[in-house]
Amino acid sequence: MPDLPDLKPGGVYTGLDLSAYDFAERDLSEATLTNCVLADAQLSAVILQGARFTDCRFTRCRFAHADLREAVFIRCNFADPDSHSGVEIAFSQLDQARFEACDLSFADIDRSS
C-alpha cells in the first residue's frame with residue numbers, strides 16, 4: 001500500500017491519489033480535498049459532513065450509508081466514460097449537499113435523503 005497521510009477531520013489535502021485508502025467508517029468531517037483522485041473506492045459509513053472537494057475525480061466509487069450532509073463538491077468528476085459508469089450513492093444522507101459544475105453522468109443515487 002502506498003504511503004498515505006493519516007486523513008483527519010478538518011484536514012487539508014491536495015493532489016493525492018487516495019484510491020488505496022480505506023475509507024470505511026472514517027470521520028473526515030470538515031476536511032478539504034483539492035485535485036485528489038479516488039478510483040474503485042468503497043466509501044462505506046464514511047462521515048464527510050461539511051467536507052469540501054474541489055477538482056477531484058471519483059471513478060467507479062460507491063458511497064453506502066455515508067454522511068454527506070452539507071458536503072460541497074466543486075468541479076468534481078464522478079463519471080467514467082470508458083465503462084459508462086458513474087458514482088453510486090445508496091442509503092446515504094445528502095441533506096444540503098451541493099454539487100456545483102460536477103459531472104454526474106451515469107450516477108445512481110438510490111434510497112438516500
Side-chain angles (χ1 to χ4, degrees):
M1 183 161 156
D3 221 10
L4 295 172
D6 185 20
L7 302 181
K8 298 183 190 246
V12 178
Y13 309 97
T14 303
L16 299 175
D17 183 345
L18 298 170
S19 301
Y21 194 80
D22 181 10
F23 284 93
E25 299 181 19
R26 187 67 69 150
D27 182 358
L28 297 176
S29 53
E30 303 295 331
T32 301
L33 290 89
T34 304
N35 292 319
C36 291
V37 175
L38 284 90
D40 301 305
Q42 296 293 319
L43 297 107
S44 299
V46 66
I47 301 169
L48 297 171
Q49 183 176 5
R52 184 177 184 90
F53 299 86
T54 304
D55 296 317
C56 293
R57 190 171 66 233
F58 298 83
T59 306
R60 297 176 307 278
C61 293
R62 184 172 197 274
F63 293 86
H65 301 281
D67 183 349
L68 299 168
R69 291 175 294 159
E70 301 171 5
V72 178
F73 299 87
I74 300 169
R75 294 182 309 276
C76 293
N77 188 337
F78 292 90
D80 180 14
D82 295 332
S83 67
H84 292 106
S85 62
V87 66
E88 292 180 34
I89 302 174
F91 307 105
S92 297
Q93 296 172 298
L94 291 162
D95 305 287
Q96 297 180 348
R98 293 193 334 250
F99 296 86
E100 300 175 7
C102 292
D103 185 353
L104 289 166
S105 300
F106 313 112
D108 183 7
I109 301 172
D110 188 35
R111 292 177 268 193
S112 297
S113 64

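Only this structure's heavy atoms are used, side chains among them; waters, hydrogens and symmetry mates stay out. Because the structure is predicted, anything quoted here is derived from the model rather than measured.
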**Complete:** What one should report as the nearest heavy-atom pair of Phe106 and Ser85 is CB-C, 3.5 Å
**Atom pair CZ/CG of Arg75 and Asn35 - distance to nearest 0.5 Å** = 9.0 Å
**Message:** In this structure, would Leu7 and Leu48 fall into the same cluster of hydrophobic residues linked by side-chain contacts under 4.5 Å?
**Reply:** yes
**Request:** Is it possible for you to say whether Tyr21 and Phe63 belong to one hydrophobic cluster, with membership spreading through side-chain heavy-atom contacts below 4.5 Å?
**Result:** yes
**Request:** Tell me, with the steps shown, if Tyr13 and Lys8 meet side-chain contact (heavy atoms from CB on, under 4.5 Å).
**Result:** CA-CA 10 Å; Tyr13 309 97; Lys8 298 183 190 246; 4.0 Å; yes
**Message:** Applying side-chain hydrogen bond (donor to acceptor under 3.5 Å, both in side chains) to Thr59 and Asp80, what does each step give before you reach the verdict?
**Reply:** CA-CA 6 Å; Thr59 306; Asp80 180 14; 5.9 Å; no
**Prompt:** Phe23 and Leu68: same hydrophobic cluster, using ILVMFWY side-chain contacts below 4.5 Å?
**Reply:** yes
**Prompt:** Side-chain heavy atoms under 4.5 angstrom apart, residues restricted to Ile, Leu, Val, Met, Phe, Trp, Tyr: same cluster for Ile74 and Leu104?
**Reply:** no
**Prompt:** About how many Å separate OG of Ser92 and CZ of Arg62, when rounded to the nearest 0.5 Å?
**Reply:** 8.0 Å
**Message:** Rounded at 0.5 Å granularity, tell me how far CD1 in Ile89 sits from CD1 in Ile109.
**Reply:** 4.5 Å
**Asked** Considering residues at least two apart in sequence or located in another chain, which fulfil the ring pair (Phe, Tyr, Trp, His ring centres under 6.0 Å) criterion with Phe78?
**Response** Phe58, Phe73, Phe99
**Prompt:** Would Arg57 and Asp103 satisfy salt bridge (Lys or Arg N to Asp or Glu O under 4.0 Å), going step by step from the backbone distance to the final call?
**Reply:** CA-CA 10 Å; Arg57 190 171 66 233; Asp103 185 353; over 6 Å; no
**Message:** So for atom CD, which belongs to Gln42, do other residues, nucleotides or ligands contribute more than 12 heavy atoms lying within a distance under 6.0 Å?
**Reply:** yes
**Message:** Let me confirm one number: the CD-CD distance from Gln96 to Gln49, rounded to the nearest 0.5 Å.
**Reply:** 9.5 Å
**Request:** Could you please spell out the steps behind the side-chain contact (heavy atoms from CB on, under 4.5 Å) verdict for Leu18 and Leu33?
**Result:** CA-CA 10 Å; Leu18 298 170; Leu33 290 89; 3.5 Å; yes
**Message:** Looking at every heavy atom in both Val46 and Arg26, which two are closest together, and how far apart are they?
**Reply:** CG2-O, 3.3 Å
**Message:** Assess the residue pair Cys61 and Leu43 against the criterion (side-chain contact (heavy atoms from CB on, under 4.5 Å)); give the C-alpha distance rounded to whole Å, side-chain angles, the decisive distance to 0.1 Å, and a yes or no.
**Reply:** CA-CA 7 Å; Cys61 293; Leu43 297 107; 4.1 Å; yes
**Message:** Are Leu94 and Leu28 connected into the same hydrophobic cluster when the rule is that any two of I, L, V, M, F, W, Y join if their side-chain heavy atoms are below 4.5 Å apart?
**Reply:** yes
**Item:** Atom pair SG (Cys36) and CG (Asp17), whose distance is rounded to the nearest 0.5 Å
**Value:** 9.0 Å
**Complete:** So CG of Leu16 and OG1 of Thr34: to nearest 0.5 Å the spacing works out to 10.0 Å
**Fill in**
Closest non-hydrogen contact found for Ala39 with Ser19 is N-OG, 2.9 Å
